[in-house]
2 protein chains.
Amino acid sequence: MSASEQTNWQSVHDEVLRRIHTREWKPGDQIPKEVELAEQLGCARATVNRALRELAAEGFLDRRRKAGTRVSTHPVRRAKLDIPVIRLEIEGRGQKYGYGLLLSERRTPTPEVCANLGVSAKSDMLHITSLHLADRKPYMFEERWVSIDTVPEIVDADLSAISANEWLVLHAPYTKGDISFSAVLATETEAKILRTHAGAPLFLMERMTWEHDAGITAARLLFAPGYRMHSAI
Amino acid sequence: MSASEQTNWQSVHDEVLRRIHTREWKPGDQIPKEVELAEQLGCARATVNRALRELAAEGFLDRRRKAGTRVSTHPVRRAKLDIPVIRLEIEGRGQKYGYGLLLSERRTPTPEVCANLGVSAKSDMLHITSLHLADRKPYMFEERWVSIDTVPEIVDADLSAISANEWLVLHAPYTKGDISFSAVLATETEAKILRTHAGAPLFLMERMTWEHDAGITAARLLFAPGYRMHSAI
DNA sequence: AGAAATATTATGTGCAGACATATTATCTTT
DNA sequence: AAAGATAATATGTCTGCACATAATATTTCT
């Protein structure tokens with residue numbers, strides 16, 4: 001225990017984590033109860049509670065009323081994937097961001113979009129494709145459907161000036177969302193747009209959002225070859 | 001404000017979120033200070049503080065001392081990617097998990113591993129490849145390097161019975177980790193192992209972990225075609 | 001006017017004490 | 001012995017209060 005220091009919740013957090021890392025407390029072990037730890041570390045129970053609560057949220061501890069607190073046997077590591085607006089992601093790396101609207105049409109959705117987003121086959125939607133550039137090179141190709149029924153204001157937005165995603169972030173916050181990642185091969189058309197060749201491996205991110213049960217948007221984001229998404233854990 | 005209900009931090013959280021969603025408070029807006037909200041909602045400031053703190057952690061609010069609390073203009077959505085042990089991921093879907101050790105050799109690392117993990121070129125490492133199966137079908141091919149200098153106990157582990165990852169989770173918790181995702185094409189060898197064809201698009205997950213500055217392991221996890229990683233946001 | 005010192009203020013955190021709640025352990029009844 | 005009722009207990013949360021800290025606003029000095 002690194003004594004002499006001030007006992008705040010952060011130091012309790014670090015001390016408990018240290019004991020886990022040094023295997024003083026092994027996976028599966030029950031750790032002292034809050035009151036004992038508080039006494040041991042010279043602080044209030046509330047302070048210990050705060051620290052242990054954070055550690056549980058981070059996946060290091062399992063806590064249950066009456067049963068006590070144990071070190072996780074399978075620390076489900078939660079990679080905190082920050083999904084920023086593409087523009088900020090690119091600018092954050094010091095590159096120049098570019099954006100071009102390729103297509104914007106008003107039409108009924110494809111059966112696939114209907115099923116995934118849970119909207120009617122006859123609903124009024126905006127179908128948008130656009131290309132995002134980093135330092136003038138193709139970075140991400142976006143195909144998006146936006147429900148005009150749910151977000152009628154979108155028809156007045158100038159989507160050649162601001163990307164649909166950024167517009168939606170500002171004007172249509174969602175209550176529920178889903179995101180998935182996979183690997184696909186570039187088709188002829190996609191390859192042309194991303195300036196690569198058909199059959200190149202592309203990283204695909206699919207996003208859908210709802211406001212309660214009303215579908216807002218479904219997007220298919222295809223990243224140029226070489227893209228890597230990463231995160232600290 | 002949905003009155004009549006009990007005022008706990010969760011209900012404050014939900015009420016604030018509701019005001020953001022209904023655009024009563026728009027992105028960029030400053031929201032009432034904690035004392036005011038507490039008075040308004042009939043609870044202690046500490047309770048409001050807890051709610052707002054969570055909302056800030058979730059990315060909905062930006063808070064700064066003295067400056068106050070504002071609704072995020074760019075809610076950096078944090079996808080909470082749970083990275084479970086593969087076995088649990090497969091079993092969780094009700095499929096039968098299978099595991100086979102393909103190779104286990106003690107040797108010096110490749111220059112690439114050295115550079116990424118920050119270990120010496122002459123360090124003693126374990127090089128392991130294995131295949132994970134779901135319902136007897138190839139699911140993920142794993143190539144891994146483990147530093148024997150950092151985790152000497154690994155040489156005594158029976159890695160044909162337990163996967164290296166599971167062993168490490170139980171015996172060598174890390175303090176720092178990095179994970180990245182990308183799309184690659186299957187090589188001849190990889191295709192053979194995963195029972196697909198060369199040039200198939202594969203989802204690649206690369207993981208590295210350290211105990212402070214000592215490299216523990218570097219792993220390259222190649223998922224069979226069709227794999228989708230997904231998450232709620 | 002511009003710089004430096006000072007005051008103000010909203011959030012951040014700590015504390016003690018109380019009660020709520022989920023879960024386990026124990027006792028009672030059949 | 002099995003089932004049901006009851007007690008015990010560790011965590012979960014709320015409260016009121018105090019002081020810390022960072023950032024802004026204001027005043028003072030040159």
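In what follows, chains carry the letters A, B, and so on, assigned in the order in which the sequence lines appear, proteins first and then strands, with residues in each chain numbered from 1.
Side-chain contact between Ile179(A) and Met205(A): present, with at least one pair of heavy atoms (C-beta onward) separated by less than 4.5 Å. Considering only heavy atoms from C-beta on, Leu52(A) comes within 4.5 Å of Leu37(A) through its side chain.
Residue Thr69(B) has no polar side-chain atom (N or O) positioned under 4.0 Å from OP1 or OP2 of dA10(C).
Take Tyr99(A) and apply the ring pair (Phe, Tyr, Trp, His ring centres under 6.0 Å) test, not counting sequence neighbours, and it matches His132(A).
When Val151(A), Thr175(A), Ile154(A) are each tested for a side-chain contact (heavy atoms from CB on, under 4.5 Å) with Ile216(A), only one passes: Val151(A).
The aromatic rings of Phe223(A) and Phe203(A) stand perpendicular to each other, their planes meeting at an angle above 60°, with 30° marking the opposite boundary.
Summarising the geometry, atom CG belonging to Asp62(A) is positioned 9.0 Å from atom CZ belonging to Arg70(A); distances are rounded to the nearest 0.5 Å.
One finds no salt bridge joining Glu142(A) and Arg220(A) here, because no Lys/Arg side-chain nitrogen approaches an Asp/Glu carboxylate oxygen to under 4.0 Å.
Comparing atom distances between the Lys33(A) side chain and each of dT11(C), dT11(D), dT13(C) picks out dT11(D) as nearest.
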Nucleotide N/O to protein N/O under 3.5 Å, stretch nucleotides 23-27 of chain D:
| unit_1 | atom_1 | unit_2 | atom_2 | d |
| --- | --- | --- | --- | --- |
| dA23(D) | O3' | Arg64(B) | NH2 | 3.3 |
| dT24(D) | OP1 | Arg64(B) | NH2 | 2.3 |

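Using modelled atom types, one finds a donor on one side chain and an acceptor on the other under 3.5 Å when comparing Asn8(B) with Ser11(B).
Of the residues in residues 42-54 of chain B, Cys43(B), Ala44(B), Arg45(B), Ala46(B), Thr47(B), Arg50(B) come within less than 4.0 Å of DNA chain D through at least one heavy atom, sorted by number.
One interatomic measurement links the two molecules: CG of Asn8(A) to P of dT11(C), which rounds to 21 Å at whole-angstrom precision. Note: CD (Glu39(B)) to P (dA10(C)) measures 13 Å, nearest angstrom.
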